Enquirer: 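Sharing a structure, written as C-alpha cells. Questions coming.
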Amino acid sequence: MVAAYLDADRREPNRQVGEVSSEKTNTDTEIDVDHLTEAEAKTALAVLADRLSAANAAYYIKDAPEMSDAAFDALKRRNAEIEARFPKLKRADSPTEQVGAAPASGFGKIAHRVPMLSLANAFTDDDVFEFDASVRKYLGLGSETMVDYTAEPKIDGLSLSLRYEKGELTEAATRGDGSVGENVISNARTIDDIPHTLDGAPDVLEVRGEVYMSHADFERLNEKPMGRGEKPFANPRNAAAGSLRQLDAEITRARPLRFFAYAWGDVSAPLSETQSGAIARLEELGFCVNPLMRKCSGPAQMVTHYAQIEEQRATLGYDIDGVVYKVDDLALQRRLGFRSTTPRWAIAHKFPAELAWTTLEGIDIQVGRTGALSPVARLAPVTVGGVVVSNATLHNEDYIRGFDSKGAEIRGGKDIRIGDWVQVYRAGDVIPKVADVDLSKRPPDASPFRFPDTCPECGSDAVREPGDAVRRCPGGLICPAQAVEKLKHLVSRGAFDIDGLGAKQVEQFYADGWIREPADIFTLKERYADGLQQLKNREGWGEKSAAALFDAIEDKRRIPLARLIFGLGIRHVGEAASSLVAHHYGSWEALLQAMEDARTQEGPAWDDLISIDGMGSVMAGSLVSAFAQEAERASIMRLVAQLDVQDSVRTDTHDSPVAGKTVVFTGTLEKMTRAEAKARAERLGAKVSGSVSAKTDILVAGPGAGSKATKAAELGVETLDEDGWLALIADA
Ligand code: IVH
C-alpha cells in the first residue's frame, strides 16, 4: 500500500519521500529525545515528517492504514517533543502543523497555453490613482481622458483554468507555477458551479476563475468529526485548496466547493470588446460571476466602489481580500500587455492587513541562499485573520533597531527586544510581520537585541556592505547553510526540478557529505550506484526509488539555459530575469563570454547587459559578480561540465519579421509611447537597445531624431519612421 502511494507521489517534483520501510526500522526512535544532538534531531524530524505524511496519505487517500493509531500517535508525540526541545529545527512541513488530510499528489501536468499570471498590488487610494496615471501614461493619454475600469471583489480561493473544446469541458488546471499546472479535471467535474457543457461558446474557450468555499460550508465541514491526528482546516481557502487537490475525486465531491468566473485564457474567438462584456457573456454561458462587479470611470469611482465592497465584506458569506480593477476596453488591455509576471492593465487593491498582539519569545538568525542573515521572530502562537502565527520576519538589523533602509525611523524609532509585547499582521499570503511594539509592557530586564557579527552557521565574519541593509555571510559554498539552500534552490521547481530530489533529500545528502555542491548531484550515480555505499541501501531508499532518482537526475542533464541561470541562485536573478538573460544571449557560451567582457561593469558588453528590458544595474552587477568571483565561477563551471545546456529560442516569435534583430528607437514617437514601443518590439523577439552601434539592425526615428540617426546613416543601418515600423510589424 505504501509503495502504491509513493509511486503516485513520485510523479510530483520535490515531494518524493523515498520508500518508507516498516515502522520498526525507525532508528531515531531508539534514542531518547533528551539525548539527541542537534544534527540527530534534524534528521529525526525529516524522517518523522516523511513517515507521518506517508502514513496519513495511506490512511486518508488510499484508505489503507499502514500503522496502528497508537504507533501513529507515538510518532506524532515524538515529533512534537523533538520540536519542543529544538524549536528552531521545526520544519516548514512540520506534521504538528498538518491541516486536514494530506493533499494528494500525482496529478498530470498541464502547460497553460496562456500563462496564469498574478496581479500587482495597491494598498492605498493613492496607489490606485497612480495605477490609473501609469495606464494613461503608457497609452500616451492626457489627464483629461478618463479610462473605464471594472472593479470586482478579489476572491480568496485558488485559481482554476477550465478548457472547453466544442462546448465540452476537456481540462481543468490549477495555476501551478503560472506556466504549468496540475490537471484536476475529475475534481472540477464534481463542482456544481462548473458547467460540463456550454451552448454557443467559441470552439475553444478557457474560462478562468476562483474556486472557493463559503463561510457556512466551511463551518459545517469543520464541525464534522475529525479523523485521526487531523486538525480542522485553518480557513476556507485552505479547505478549498485541500479539497480540490485530492487524488480521489469522491473526496472533492463531498466538499462543498464553488466557482466564480472572472477571466479567460486561450479563446478561438473574442468573447467581447470589453472586460465587462466578456464577463456578461460568461454569465450567459452559465458561469457564476460576481454580482459586485461594477464599471467605473476613472480612479475616484474605483476607490468609492472599493469602500462599498469593503463595507459588505463581513456579510458576503465568503472570503475576499481586496478589489481587482481591470481596464475595460480589451483593445487597450492588449496594448498595455504584461510585465514579466503581472498585467499592466489590472491591479489588486488589497484590504488592510489583520492585526494581533503577542509576545516575542526569541529571535533566530537564519542564513539564506545568498548569505543574508535574516532575523526571524519566534512568537507565542496567536491567531491572526483565522491563521495561527508563530513566527514573523524581522527583515534586518536596522529594522529591529527601529529604522528603515534609508535610515528613517519606523515605529517611532522603537526597537524590538526579546520579551516585548508586539503587534503582528498578515496580509494574504505574505509572511507575517511585526508592526508595532508596546513599550508600556516591556519587561524591565529586556535589553537591546545584539545582532550577530559572525555567521551562526559557519562562524565567518558577517559583513555589511555600504548601501546594503542586510548583513551577509561571505562563506558561499563553505557555509553549510548557504550550500544547502543553494542546492535546494537548484533542484526546485523553476530550476532543475528533479523528481524525487526535494529539500529533505538535499538536507540528508548534504549532512552525509554525499552532495556538497551542485555538480555533485550529477556525479551521484557514478559514486553511489555500486560499491560499498549504495543509495539503495540507505534508510528510506530501496532499489526502485534509487534507480528512479538516478533516472530523474539523468533526465535533467539536458537543461534549458533559462533554468540553468535561475538554478544558479544568483542574488536578484529570479525566474523572470533568468528568462530575459537566456533569451538575450541565446547560448551558454555567449552568456559566459558576455559575463567575461562585462566583468569591469563598463564598456559595450556591460551596456548591452543593462539594455535588457527589466534588467537594472543592481541585478546586472550581481550576475557579473557571480561569474567574476573565483570560487563561485569554478563551482558553476564544474556544474556546467556535467550538463548539456540547451540554447534559448523564442518559440512564439519565429515568424516575426523582427525576431532576433536589434532595434533602437529615437526621436518622438506619435502613435505610441516609448515604453509601449519597446515592450511590443520585445514581445516580437527583437532586442531593444539604447544606442546605435554596428550591431544595430533597425533604427526607428521619429521627428527630432538627432545624433543616433546620423550615426545609423554612417553605419548603413536600416532606418524607418514610425509608420514604416508599424507597417513592418503589422501582421506579427
Ligand atoms: S484577474 C492576469 N480577478 O488573484 C490576472 N484574479 O493575485 C488575472 N483572484 O491568481 C487574474 N479574484 O487567483 C482576477 N476577481 C479576480 C480575482 C482574481 C481573485 C486571484 C487569482 C489570481 C490572483 C492574482
Side-chain angles (χ1 to χ4, degrees), residues 112-123 127-128 131 135 149-162 172-182 184 188 191 193-194 206-214 235-238 240-241 244-245 257-267 271 274-276 278-280 282-283 287-296 302 305-306 308-310 312-313 316 318-328 330 332-351 353 427-430 576:
H112 298 301
R113 290 162 182 90
V114 176
M116 288 183 82
L117 300 174
S118 51
L119 294 168
N121 290 326
F123 296 98
D127 293 346
V128 177
F131 162 66
V135 164
Y149 297 87
T150 55
E152 71 203 61
K154 184 169 188 296
I155 317 297
D156 198 6
L158 65 153
S159 45
L160 187 67
S161 185
L162 304 168
T174 60
R175 178 165 181 264
D177 63 1
S179 307
V180 178
E182 285 175 324
V184 289
I191 300 175
D193 288 349
I194 295 180
E206 279 177 13
V207 177
R208 291 179 175 178
E210 204 82 351
V211 173
Y212 68 102
M213 195 179 280
S214 75
N235 54 40
R237 192 167 75 109
N238 284 0
L244 186 67
R245 293 191 66 253
L257 296 176
R258 293 159 192 249
F259 181 79
F260 273 131
Y262 53 63
W264 56 94
D266 195 16
V267 279
L271 290 173
T274 59
Q275 176 76 30
S276 45
I279 299 303
L282 292 180
E283 188 174 17
F287 289 95
C288 296
V289 301
N290 195 282
L292 295 178
M293 189 184 85
R294 295 280 177 281
K295 211 161 113 176
C296 301
M302 287 149 78
H305 191 48
Y306 170 90
Q308 284 162 354
I309 293 180
E310 194 179 17
Q312 299 175 62
R313 184 181 183 188
L316 286 178
Y318 51 88
D319 278 348
I320 63 172
D321 58 348
V323 172
V324 181
Y325 308 119
K326 299 170 187 168
V327 169
D328 193 41
L330 298 183
L332 294 186
Q333 281 194 7
R334 273 190 295 278
R335 277 182 63 194
L336 285 155
F338 300 86
R339 299 178 209 91
S340 57
T341 57
T342 56
R344 287 196 190 84
W345 44 263
I347 199 159
H349 189 178
K350 303 297 280 282
F351 292 136
D429 274 343
V430 300

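In each ligand, atom 1 is the first atom listed, and ligand 1 is the first ligand listed. Since the model is a prediction, treat every value here as computed from it, not as a measurement.
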Enquirer: Please say which of Phe351, Tyr325, Phe123 ends up in a ring-ring contact (aromatic ring centres under 6.0 Å, His included) with Tyr306.
Expert: Phe351
Enquirer: Please write down residue, atom name and distance for the protein heavy atom closest to atom 21 (C) of ligand 1.
Expert: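 Here the nearest protein heavy atom works out to Tyr262 OH, 3.0 Å.
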Enquirer: Does Ile155, backbone or side chain, put an N or O under 3.5 Å from an N or O of ligand 1?
Expert: yes
Enquirer: If you measure from each non-hydrogen atom of Pro343 to ligand 1, which part falls under 4.0 Å: side chain, backbone, both or neither?
Expert: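 The side chain, only.
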Enquirer: In terms of side-chain geometry, is the basic nitrogen of Arg258 or Asp193 positioned less than 4.0 Å from the acidic oxygen of its partner?
Expert: no
Enquirer: Give the residue and atom name of whichever protein heavy atom lies nearest to atom 13 (O) of ligand 1, and the separation in Å to one decimal.
Expert: Glu210 OE1, 2.8 Å
Enquirer: Could you tell me whether Asp319 and Arg237 have a side-chain N and a carboxylate O separated by less than 4.0 Å?
Expert: no
Enquirer: Should the proximity of Leu119 to ligand 1, defined as any heavy atom under 4.0 Å, be assigned to the side chain, the backbone, both, or neither?
Expert: both
Enquirer: What's the verdict on side chain to side chain donor-acceptor pair (under 3.5 Å) for Glu152 and Tyr262, showing C-alpha distance, side-chain angles and the deciding distance?
Expert: CA-CA 9 Å; Glu152 71 203 61; Tyr262 53 63; over 6 Å; no
Enquirer: How far is atom 3 (N) of ligand 1 from its nearest protein heavy atom, and which residue and atom is that?
Expert: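 The answer is Lys326 NZ, 3.1 Å.
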Enquirer: Within this structure, what is the NZ-CG distance for the pair Lys326 and Leu336, rounded to the nearest 0.5 Å?
Expert: 14.5 Å
Enquirer: Nearest protein heavy-atom contact for atom 23 (C) of ligand 1: which residue, which atom, what distance?
Expert: Lys154 NZ, 4.0 Å
Enquirer: Is Arg208 touching ligand 1 with its side chain, its backbone, both, or neither, if touching means heavy atoms under 4.0 Å apart?
Expert: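 Within the 4.0 Å criterion, Arg208 makes no contact with ligand 1.
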Enquirer: Hey, is ligand 1 close enough to Pro153 that some N/O pair sits below 3.5 Å?
Expert: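 Yes, since at least one N or O of Pro153 sits under 3.5 Å from an N or O of ligand 1.
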Enquirer: Apply side-chain contact (heavy atoms from CB on, under 4.5 Å) to Val211 and Thr174, showing your working.
Expert: CA-CA 10 Å; Val211 173; Thr174 60; over 6 Å; no
Enquirer: Do the side-chain N and O atoms of Asp328 and Ser276 include a donor-acceptor pair separated by under 3.5 angstrom?
Expert: yes
Enquirer: Answer yes if the side chains of Ser161 and Arg208 hold a donor-acceptor pair under 3.5 Å, and no otherwise.
Expert: yes
Enquirer: Enumerate the atoms of ligand 1 whose separation from the nearest heavy atom of Glu152 is less than 4.0 angstrom.
Expert: 3 (N), 15 (N), 16 (C)
Enquirer: Check for me whether Ser118 has a heavy atom closer than 4.0 Å to any atom of ligand 1.
Expert: yes
